[in-house]
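Inspection log for the structure reproduced underneath, given as structure tokens.
Chain naming here is simple, since letters A, B, ... match the order of the sequence lines and numbering starts at 1 in each.
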Number of protein chains: 2
Amino acid sequence: MSLRWALIALLTGRPMTGYDISKSFSTSVAHVWHAPDSQIYPELNRMEREGLLTSVEVPWGKKGTKKEYHVTDEGLAAFRAWMESPLVPQRQRDPAYLKAAYFDFADPAAVREQLRQQRSYWEEHLAMLERTRASLVDRSHPTLAARIEKLNQREAELAVRYKIYAYDGLIARARTELAWIDDGFTLVDELDGC
Amino acid sequence: MSLRWALIALLTGRPMTGYDISKSFSTSVAHVWHAPDSQIYPELNRMEREGLLTSVEVPWGKKGTKKEYHVTDEGLAAFRAWMESPLVPQRQRDPAYLKAAYFDFADPAAVREQLRQQRSYWEEHLAMLERTRASLVDRSHPTLAARIEKLNQREAELAVRYKIYAYDGLIARARTELAWIDDGFTLVDELDGC
DNA sequence: GCCAACTCACTATATCGATAGCTAGTTTGT
DNA sequence: ACAAACTAGCTATCGATATAGTGAGTTGGC
């Protein structure tokens, strides 16, 4: 259900086609809400039917056309309403913690291998988050740049600072995961040694 | 797909009925993997059909019977195989971060209200995690107690330590969320003041 | 003796989400 | 002239989840 709000969030920056969205999704909103294009296209259609978006047929090449989606006033109002509505707390559902709780069923070597994999995943993820954060700070991030173009200085400041704030949260979370993984190595060594 | 591994994990502790499971789920595995009973019952049936579990009809009262599920050797082998298989990294999908990135669309008062709600949710969640961790340390946690009964001292030590490790991770995560929320308050005050 | 609360085991329905594949036009390189 | 890669917009299918209900037996309190 949050997918539609992620889509409106993106489209408030600038009008886009479904294809544009599925591309820029991976470099921006996907860090907080991932979705494949097979979900994006039908959802855009639904949102248009419900009046949250309108679409404009834009020529593409000689014969082709593409559909550019714009947020309607109604869509913006619905987005603001969602923004101010209470958040439903997320249930925990993380296989990594489930596995960790039952590491005694696995071979210590297999546990170390798992931890190595997780560490490299989170290290990469953290590096990517930090690169993106830097591109927000210097305002070179394409999606953000398009968004703040039409805003005044104060509005732009707000938009940028809150995006950085979101990334700071994601970065803190990644660091916490990495620290936990390192504790895992220490624990395996201790329990395997005795 | 992890649901079945969560169920086997629980059932390795002691045989249980679907009802037992749905009850003890909320006080143990649910912290890492939540599921409602409407998912648990069909999944237990499927797992029995696939040979991962067997069930024994146990009398209940005068007329009633209940179905107690036991993990088969095949089920245990499948569980170990999963434990040692690589972990598929989870996609980020968290409405809290999505909202935070677009707080500039909401009223500062509404943002503060959101943050208050999230803080009280995480505070409660953290307190619950710490209570559970304490009950693991002193081995009073019922599910854990049932599990370690049939284990030798060394095996019990492993089981307990890894469960504590999992909770330490969850607790660290909760603390990170709380710190992030507090940063949110500071940021709103700063941006609203100017 | 009876009602409430609890135990037990589901079903029904709908939506969400992931993977895979399809069709057709466009641009670019050789 | 033709192929490869890219842009565009889907569909089909399957499994995972969530919400809500059904119905029957049991236990405990007054």
- Message: What is the distance, to the nearest angstrom, from the CD atom on B:E43 to the C1' atom on C:dT11?
- Response: 16 Å
Protein-nucleotides 5-7 of chain C N/O pairs under 3.5 Å:
| residue | atom | partner | partner atom | Å |
| --- | --- | --- | --- | --- |
| C:dT7 | OP2 | B:Y19 | OH | 3.0 |
| C:dT7 | O5' | B:Y19 | OH | 3.3 |

- Query: Rounded to the Å, how far apart are B:D94 CG and C:dG17 P?
  - Reply: 13 Å
- Message: Please enumerate all residues that pass ring pair (Phe, Tyr, Trp, His ring centres under 6.0 Å) together with A:H31, with sequence neighbours excluded.
- Response: A:Y167
- Task: May I ask you to verify if any side-chain N or O of B:T17 is less than 4.0 angstrom from the OP1 or OP2 atom of C:dA9?
- Result: yes
- Message: Is it the case that the side chain of B:Q118 and the backbone of B:L115 share a donor-acceptor pair, with hydrogens and angles ignored and the cut-off at 3.5 Å?
- Response: no
- Item | Check: A:W33 ring centroid to A:F25 ring centroid under 6.0 Å | no
- Note on the structure: Separation of D:dT11 atom P from A:I40 atom CD1, nearest Å, is 15 Å
- Minimum-distance pair of heavy atoms, taken over all atoms of A:I40 and A:A35: CD1-O, 3.9 Å
Tabulate atom names and distances for all N/O pairs under 3.5 angstrom spanning the protein and nucleotides 19-21 of chain D.
| residue | atom | partner | partner atom | Å |
| --- | --- | --- | --- | --- |
| D:dT19 | O4 | B:S38 | OG | 2.6 |

- Message: Regarding A:E123 and A:R175, does a basic nitrogen lie under 4.0 Å from an acidic carboxylate oxygen?
- Response: no
- Just compare C:dA9, C:dA18, D:dA18 and give me whichever is closest to any side-chain atom of B:H34. D:dA18
- Query: Roughly, in whole Å, what's the span from CZ in B:R46 to C1' in D:dT17?
  - Reply: 12 Å
- Item | Members sharing A:L87's hydrophobic cluster (side chains within less than 4.5 Å) | none
- B:L53 CG to C:dA9 P, in whole Å, measures 14 Å
- Residues at least two apart in sequence or cross-chain that pass side chain to side chain donor-acceptor pair (under 3.5 Å) with B:S135, listed by chain then number, are none
- Query: Nearest to the side chain of A:Y41 - C:dA18, D:dC10, C:dA9?
  - Reply: D:dC10
- Item | Distance, rounded to the nearest Å, where B:F25 contributes CZ and D:dA18 contributes P | 11 Å
Residues 96-105 of chain A, side-chain donor-acceptor partners within the protein, below 3.5 Å, at least two apart:
| residue | atom | partner | partner atom | Å |
| --- | --- | --- | --- | --- |
| A:Y97 | OH | A:E177 | OE2 | 2.8 |
| A:K99 | NZ | A:Q114 | OE1 | 3.3 |
| A:K99 | NZ | B:W82 | O | 3.1 |
| A:K99 | NZ | B:S85 | O | 2.5 |

- D:dG9 P sits how many Å from A:L7 CG, rounded? 14 Å
- Round to a whole Å and report the spacing from CD of B:E50 to C1' of D:dG15. 13 Å
- Item | A:E57, CD atom: more than 12 neighbouring heavy atoms under 6.0 Å | yes
